[in-house]
Protein chains: 2
Amino acid sequence: MTRTDTRERILDEAEQLMGARGYSGFSYQDIARPLGIRNAAIHYHFPTKADLGVAVIQRYRDMLAAAWKDFRAGRTSPRQQFDGYLHIFTHEAVRNQTLCPMGVLTADYFNLPDSMLEAGTTLKREVLEWLAEILASGRDSGDFRFEGNPEDEALMVMATLQGARQMARMIGTDAMMAIVTRLRSDLVADAGDRAA
Amino acid sequence: MTRTDTRERILDEAEQLMGARGYSGFSYQDIARPLGIRNAAIHYHFPTKADLGVAVIQRYRDMLAAAWKDFRAGRTSPRQQFDGYLHIFTHEAVRNQTLCPMGVLTADYFNLPDSMLEAGTTLKREVLEWLAEILASGRDSGDFRFEGNPEDEALMVMATLQGARQMARMIGTDAMMAIVTRLRSDLVADAGDRAA
DNA sequence: GTCTATAAAACGATAGAC
DNA sequence: GTCTATCGTTTTATAGAC
C-alpha cells in the first residue's frame with residue numbers, strides 16, 4: 001500500500017512546483033527537502049528530470065480522463081459537465097495560483113525536452129477535443145450559444161481560461177473568477193447569469 | 001552615436017530571450033554569444049540580472065507610451081487605436097512566438113526578483129488603464145459594444161490576448177490570429193467583420 | 001528504496017588588466 | 001567599455017554502500 005507512496009508524493013510536489021515556477025524553475029532539491037528525502041531518491045523513481053516532467057503530464061491526463069468519465073456517468077447536461085471542468089480548473093488556481101500542466105506547457109514551451117512536448121501535444125489534443133465535443137452537444141441541446149464551429153470556440157475558451165489563470169498572479173483570484181464567470185455567461189444561452 | 005549601442009543590443013537580445021524562454025530560462029552567455037562579447041561586458045551595463053530584467057520592462061513601457069502617443073496624434077477613432085495595439089501585440093507573436101514582457105511577468109511571476117515585480121505592476125496598471133480608456137471612449141463613440149464596466153472588459157480582453165499568444169506555441173499562429181480576430185469582431189458594434 | 005559522496009557543467013557575479 | 005580569469009553556488013546526474 002505504501003509501495004509507490006514516495007513516487008506519488010514526488011509527483012504531487014513536482015506538479016505543484018511546476019505549476020508555480022515552471023519546468024526550469026524548480027530543482028530536485030526543491031522536491032527533496034519538504035519530503036525529507038535526498039536528491040538521489042528522486043532519481044531512483046525518475047532517472048531524468050524529463051521523465052519526471054512527462055510523468056506529471058501523464059498523471060494529469062489520467063486525472064482529467066477519470067473526471068470526464070465521472071461527468072458522463074453522473075450528470076447529463078453539457079453545461080454541468082462544462083461547469084465540472086471549470087471547477088477543477090479554477091479550484092487549484094484560487095488555492096495556490098499555479099498553472100495547470102497545460103498552461104506550463106505553453107508558458108515554458110521552448111525550455112521543454114522533446115519527450116515532454118510529445119506528451120503535451122497529446123494532452124492539448126485531448127483537452128481541446130473534449131471541450132469541442134461538450135460545446136457542440138451543448139449547442140445542440142440548447143445549453144450553449146455561440147457562433148462558428150465548436151473547435152474554434154474551444155480554442156477561444158481555453159485561451160481565455162489560461163490567460164485569466166496566469167493573470168491571476170497580478171490581478172488577484174477574484175478578478176480571475178470574474179473573467180471566468182463572464183466567459184461562462186457569454187456562453188450560456190438563457191439569461192439569469194449576467195452580472196450588472 | 002555608438003555610445004550606448006551595446007547596451008541597446010543587449011536589451012534587444014534579452015527581450016527576445018525573455019519572451020521565448022522566460023526570465024530564468026536564459027543566461028548571460030545566451031546574450032553574449034550572438035553579440036560577440038563576453039559575459040563581464042553585460043555585467044558592466046547591467047550589474048545584476050534583475051537590473052537587466054527591469055530595464056527590459058522599462059524600455060517596453062517607453063515603447064508602449066510612445067505608441068499610444070502616436071495613436072492619439074495620428075488616428076482618431078478608438079477602434080483604430082485598439083487595432084494599433086493589436087498590430088503591435090500580434091506582430092511579434094507571429095514573427096517569433098515570444099511573449100510580451102507583460103506575459104513573461106505573469107508566466108514567470110514566482111521566479112522574479114522584487115524589483116521586476118515592482119516595474120511589472122506599473123506596466124500592468126498602465127496597459128489596463130489605457131485599454132479601459134480606449135474601450136470606454138469606444139463604447140461612447142459607437143466603435144465598441146460590450147456589457148459591464150470598461151475595467152472588467154479590459155481584463156477580459158487582456159486575458160484572451162495573453163492566453164492566445166501563449167497557446168500559439170502549441171496551436172500555431174494562424175489559430176492564434178483566429179482567436180484575436182474573433183475577440184475583435186465580438187467587440188466591434190457593426191457587422192461585416194464576422195467570419196462564418 | 002534510500003543513503004553518502006561526488007562528478008561535470010552551468011549559473012550569476014567580481015577583480016583587475018588593458 | 002571590454003577583456004581574462006576565477007570564485008562560489010547550484011544544477012542534473014551517477015556510483016556504490018546499506
Side-chain angles (χ1 to χ4, degrees), chain A residues 1-57 59 104 108-117 119, chain B residues 1-57 59 104 108-117 119:
Chain A
M1 191 173 286
T2 57
R3 183 68 62 91
T4 52
D5 190 48
T6 299
R7 186 192 149 94
E8 215 61 24
R9 277 160 55 205
I10 291 171
L11 286 174
D12 289 340
E13 281 290 336
E15 183 172 340
Q16 182 74 23
L17 284 163
M18 257 182 63
R21 306 213 289 256
Y23 176 72
S24 36
F26 76 95
S27 71
Y28 272 40
Q29 283 292 343
D30 294 328
I31 296 178
R33 203 172 310 118
L35 259 51
I37 58 177
R38 298 292 172 172
N39 214 329
I42 305 175
H43 278 285
Y44 169 79
H45 294 281
F46 306 97
T48 73
K49 196 182 179 185
D51 294 327
L52 175 57
V54 169
V56 167
I57 296 174
R59 196 179 65 155
V104 175
D108 239 4
Y109 193 80
F110 296 110
N111 292 322
L112 301 181
D114 289 344
S115 56
M116 281 187 72
L117 291 184
Chain B
M1 190 172 287
T2 56
R3 183 68 62 91
T4 52
D5 190 48
T6 300
R7 185 191 149 94
E8 215 61 25
R9 277 160 56 207
I10 291 171
L11 285 174
D12 290 340
E13 281 290 336
E15 184 172 339
Q16 181 74 25
L17 284 163
M18 255 181 64
R21 306 213 291 254
Y23 176 73
S24 37
F26 76 95
S27 71
Y28 272 41
Q29 284 291 344
D30 294 327
I31 297 178
R33 202 173 310 121
L35 259 51
I37 58 177
R38 299 292 172 170
N39 214 327
I42 305 175
H43 278 285
Y44 169 79
H45 295 282
F46 307 97
T48 71
K49 196 181 181 185
D51 294 327
L52 176 56
V54 168
V56 168
I57 296 174
R59 196 179 65 155
V104 175
D108 238 6
Y109 194 80
F110 295 111
N111 292 323
L112 301 181
D114 288 344
S115 56
M116 282 187 70
L117 292 184

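Numbered from 1 within each chain, the chains take letters A, B, ... in sequence-line order. All values below were derived from every heavy atom in this structure, side-chain atoms included, with hydrogens, water molecules and symmetry-related copies excluded.
A residue-by-residue look at A/Y23 and B/R38 shows that B/R38 has its nearest nucleotide of DNA chain D further toward the 5' end.
When every heavy atom of B/V104 is checked against every heavy atom of B/G19, the shortest pair comes out as CG2-CA, 3.9 Å.
In this structure, the nucleotide among C/dA13, D/dT12, D/dT2 sitting nearest to the side chain of B/Y44 is D/dT2. Comparing C/dT4, C/dT2, C/dA13 against the side chain of B/N39 picks out C/dA13 as the nearest. Relative to the side chain of A/A41, the nucleotides D/dT11, C/dC3, C/dA13 differ in distance, and C/dC3 lies closest. Distances from the side chain of B/T48 to the nucleotides C/dA13, C/dC11, C/dC3 place C/dA13 closest. Side-chain proximity of A/H45 to the nucleotides C/dC3, C/dT2, C/dG12 is greatest for C/dT2. The side chain of B/S27 lies closest to C/dG12, out of D/dG1, D/dA13, C/dG12.
With hydrogens and angles disregarded, no donor-acceptor distance shorter than 3.5 Å links the side chain of B/D51 to the backbone of B/F46. Between the side chain of B/D108 and the backbone N or O of B/Y23, at least one donor-acceptor pair lies under 3.5 Å. Side chain of B/Y28 to main chain of B/A41: no donor-acceptor pair is present (N/O by atom type, distance under 3.5 Å, no hydrogens or angles).
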Task: Trace of the side chain to side chain contact (heavy atoms under 4.5 Å, CB included) decision for B/L52 with B/L11 - done: CA-CA 8 Å; B/L52 176 56; B/L11 285 174; 3.9 Å; yes
TODO: Please lay out, stage by stage, how A/R59 and A/D12 fare under the test side chain to side chain contact (heavy atoms under 4.5 Å, CB included).
DONE: CA-CA 10 Å; A/R59 196 179 65 155; A/D12 289 340; 2.8 Å; yes
Open item on the list: Using the rule given for side chain to side chain contact (heavy atoms under 4.5 Å, CB included), can you reason through A/D30 versus A/R21, listing the C-alpha separation, both sets of side-chain angles and the distance that settles it, and then say yes or no?
Closed with: CA-CA 11 Å; A/D30 294 328; A/R21 306 213 289 256; 3.0 Å; yes
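Each end of the helix from C/dG1-D/dC18 to C/dC18-D/dG1 gets its own axis from five base pairs, and the two axes differ in direction by 0°, given to 10 degrees.
Residue B/R21 contributes atom CZ, which lies 13 Å from atom C1' of C/dC11 at whole-angstrom precision. Summarising the geometry, the separation between NE2 on B/H43 and C1' on D/dT6 is reported as 13 Å, rounded to the nearest angstrom. A/L17 places its CG atom 12 Å from the P atom of D/dT11, with the value rounded to the nearest Å. Following rounding to the nearest Å, B/N111 (CG) and C/dG12 (C1') show an atom-to-atom distance of 15 Å. Distance, A/D51 CG to D/dT12 C1': 12 Å, rounded to whole Å. Here the C1' atom of nucleotide C/dC11 and the CG atom of B/L52 are 15 Å apart, to the nearest Å. Distance, B/I42 CD1 to C/dT14 P: 14 Å, rounded to whole Å.
Note that the CD atom of B/E13 and the CZ atom of B/F26 stand 10.5 Å from one another [nearest 0.5 Å].
Considering only side-chain N and O atoms, B/T6 lies nowhere under 4.0 angstrom from the phosphate OP1 or OP2 of D/dG1.
Residue-level contact check: B/Y28 touches the backbone only, with heavy atoms under 4.0 Å from sugar-phosphate atoms and none from bases. Among the heavy atoms of the strands, none lies under 4.0 Å from B/F46. At the heavy-atom level, B/A40 lies under 4.0 Å from base atoms of the strands shown.
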